[in-house]
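Bear in mind that the values here come from a model prediction, so they are computed numbers and not experimental data.
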Amino acid sequence: MGKFASRLRCAGIALALMSTNVCLAASPDHPPETAQTKLFNERDLQGWRPAIQCDAQNLTDQERETLAQLAADDMTVHWQAAFGILQYDGAGKPIETERRFGACRLSFQWKCEPCSSATIGLPGGWSVAIGDAHCDGEAATRASGAIYEGCRRIVKPTISADAPLGEWNQMMIHVRPRQIDVWLNGRRIAMTEDLFIETEGPITLSGGPAPLYFRNVVVEPLEISPGQQNSQLP
């Protein structure tokens with residue numbers, strides 16, 4: 001019995017070593033997917049800051065400090081995190097990510113209350129509009145997904161893919177060096193080409209006058225090879 005038990009122990013050790021070798025050999029065949037970053041940690045506003053939209057170069061140090069404090073106070077009052085949802089009451093100033101991004105894929109869910117709207121600021125000074133698609137009545141639809149350069153609308157959505165008011169929408173925005181694509185609830189609704197997006201920048205959230213809600217806010221950097229055509233990407 002002693003020899004038999006010893007053989008069993010040796011066999012078990014050999015099998016364990018074989019399993020370890022198999023796992024180690026298999027890991028290079030399954031590289032991790034491109035890292036995604038959750039911009040909202042579902043608990044608080046860590047990683048976000050007030051988006052101060054003025055020329056601070058003409059301010060004194062004391063004025064800048066005062067302005068920064070007022071903006072921070074405004075953010076904590078009008079932007080709240082609770083139960084995995086980032087809630088905006090519609091009356092505060094814009095906020096932006098502390099990190100800056102270049103080519104990326106931004107994905108998030110949102111819903112709104114009547115007559116609310118928001119602007120999703122993208123790297124390079126571009127933005128996408130979302131909100132209540134039927135604020136002016138069924139005959140005057142304002143579908144989400146329009147692409148803006150500053151205050152000027154460059155592309156309006158081809159269709160209205162908004163979920164009914166009060167329900168969650170899923171939006172995905174692809175930002176590439178020469179193209180922006182907007183997908184809403186599984187349908188591509190807007191695309192613009194021949195852009196020149198060279199600079200990096202933060203992701204910005206702003207809107208009003210009624211409340212909006214965000215969740216599952218995720219960004220994924222896109223690796224763009226030199227000479228790669230935008231149409232090869234989804």
Side-chain angles (χ1 to χ4, degrees), residues 33-40 51 86 94 96-97 99-112 116-136 138-165 167-207 212-234:
E33 296 181 358
T34 303
Q36 293 183 338
T37 300
K38 296 183 72 171
L39 297 182
F40 171 52
L86 176 60
E96 65 182 16
T97 58
R99 287 187 56 186
R100 298 171 66 86
F101 301 92
C104 63
R105 178 185 293 112
L106 175 64
S107 176
F108 60 95
Q109 292 178 299
W110 62 273
K111 67 177 180 178
C112 62
S116 60
S117 63
T119 299
I120 313 301
L122 306 173
W126 300 82
S127 62
V128 173
I130 62 173
D132 181 5
H134 304 288
C135 181
D136 298 326
E138 294 292 335
T141 302
R142 302 188 306 172
S144 298
I147 302 174
Y148 284 77
E149 180 185 17
C151 297
R152 185 166 62 101
R153 187 175 68 179
I154 304 299
V155 175
K156 65 179 182 179
T158 56
I159 56 173
S160 176
D162 295 69
L165 184 66
E167 294 187 8
W168 287 103
N169 293 269
Q170 175 70 51
M171 177 165 278
M172 183 179 295
I173 305 173
H174 294 182
V175 182
R176 306 163 192 160
R178 298 188 62 83
Q179 182 174 330
I180 294 176
D181 290 288
V182 181
W183 298 72
L184 181 60
N185 297 323
R187 306 179 71 177
R188 186 163 72 173
I189 58 173
M191 179 183 70
T192 183
E193 296 180 305
D194 298 326
L195 305 181
F196 185 67
I197 305 175
E198 182 181 18
T199 60
E200 295 184 347
I203 304 297
T204 305
L205 301 179
S206 63
L212 290 112
Y213 310 89
F214 300 89
R215 69 182 184 186
N216 300 326
V217 186
V218 177
V219 68
E220 176 184 354
L222 292 177
E223 295 293 336
I224 306 295
S225 302
Q228 185 178 24
Q229 297 296 321
N230 291 325
S231 58
Q232 294 177 354
L233 294 174

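Between the OG atom of S144 and the CG atom of D132 there is a distance of 8.5 Å, given to the nearest 0.5 Å. Remark: F214 CZ to W168 CH2 distance equals 9.0 Å, nearest 0.5 Å. To the nearest 0.5 angstrom, I203 atom CD1 is 9.0 Å from I120 atom CD1. Distance CG/L122 to OH/Y148: 13.5 Å, rounded to 0.5 Å. One finds the CZ atom of R105 at 10.0 Å from the CG atom of D181 (value rounded to the nearest 0.5 Å).
No hydrogens or angles considered: a donor-acceptor pair under 3.5 Å links the side chains of N216 and Q109. Using modelled atom types and a 3.5 Å distance limit, the side chains of E149 and T192 yield no donor-acceptor pair. A donor and an acceptor atom, one from each side chain of E167 and N169, are nowhere located under 3.5 Å apart.
Considering only heavy atoms from C-beta on, I159 comes within 4.5 Å of R187 through its side chain. In this structure the side chain of N185 never reaches within 4.5 angstrom of the side chain of M171, judged on heavy atoms. At a threshold of 4.5 Å between non-hydrogen side-chain atoms, the residues W126 and I154 count as touching. Looking at E200 and F101, their side chains never come closer than 4.5 Å, going by heavy atoms from C-beta outward. Taking 4.5 Å as the limit, some side-chain heavy atom of S107 sits within range of a side-chain heavy atom of Q170. Residues L205 and F40 have side chains not in contact (no heavy-atom distance under 4.5 Å, counting atoms from C-beta outward).
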Go through the steps for T37 and R99 under the test side-chain contact (heavy atoms from CB on, under 4.5 Å), then give the verdict.
CA-CA 11 Å; T37 300; R99 287 187 56 186; 3.3 Å; yes
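What you find for G102 and P123 is that their closest heavy atoms are O-CG, 3.7 Å. Shown here for P94 and T204, the closest heavy-atom pair between the two residues is CB-CG2, 4.1 Å. Across every non-hydrogen atom of P157 and A143, the tightest pair is CG-O, 3.6 Å. The two residues E96 and A51 have their closest heavy-atom pair at OE1-CB, 3.7 Å. Closest approach of L39 to L106, counting heavy atoms only: CD1-CD1, 4.0 Å. Between R176 and A103 the shortest heavy-atom distance is CA-CB, 4.3 Å.
For T158, there are no side chain to side chain contact (heavy atoms under 4.5 Å, CB included) partners two or more places apart in sequence or in a different chain. By the side chain to side chain contact (heavy atoms under 4.5 Å, CB included) test, S116 is found to be paired with C112, A210, L212, residues two or more places apart in sequence or in another chain being considered.
For the pair R215 and W110, the NZ or CZ position fails the cation-pi test of under 6.0 Å to the six-membered ring centre and within 45 degrees of the ring normal.
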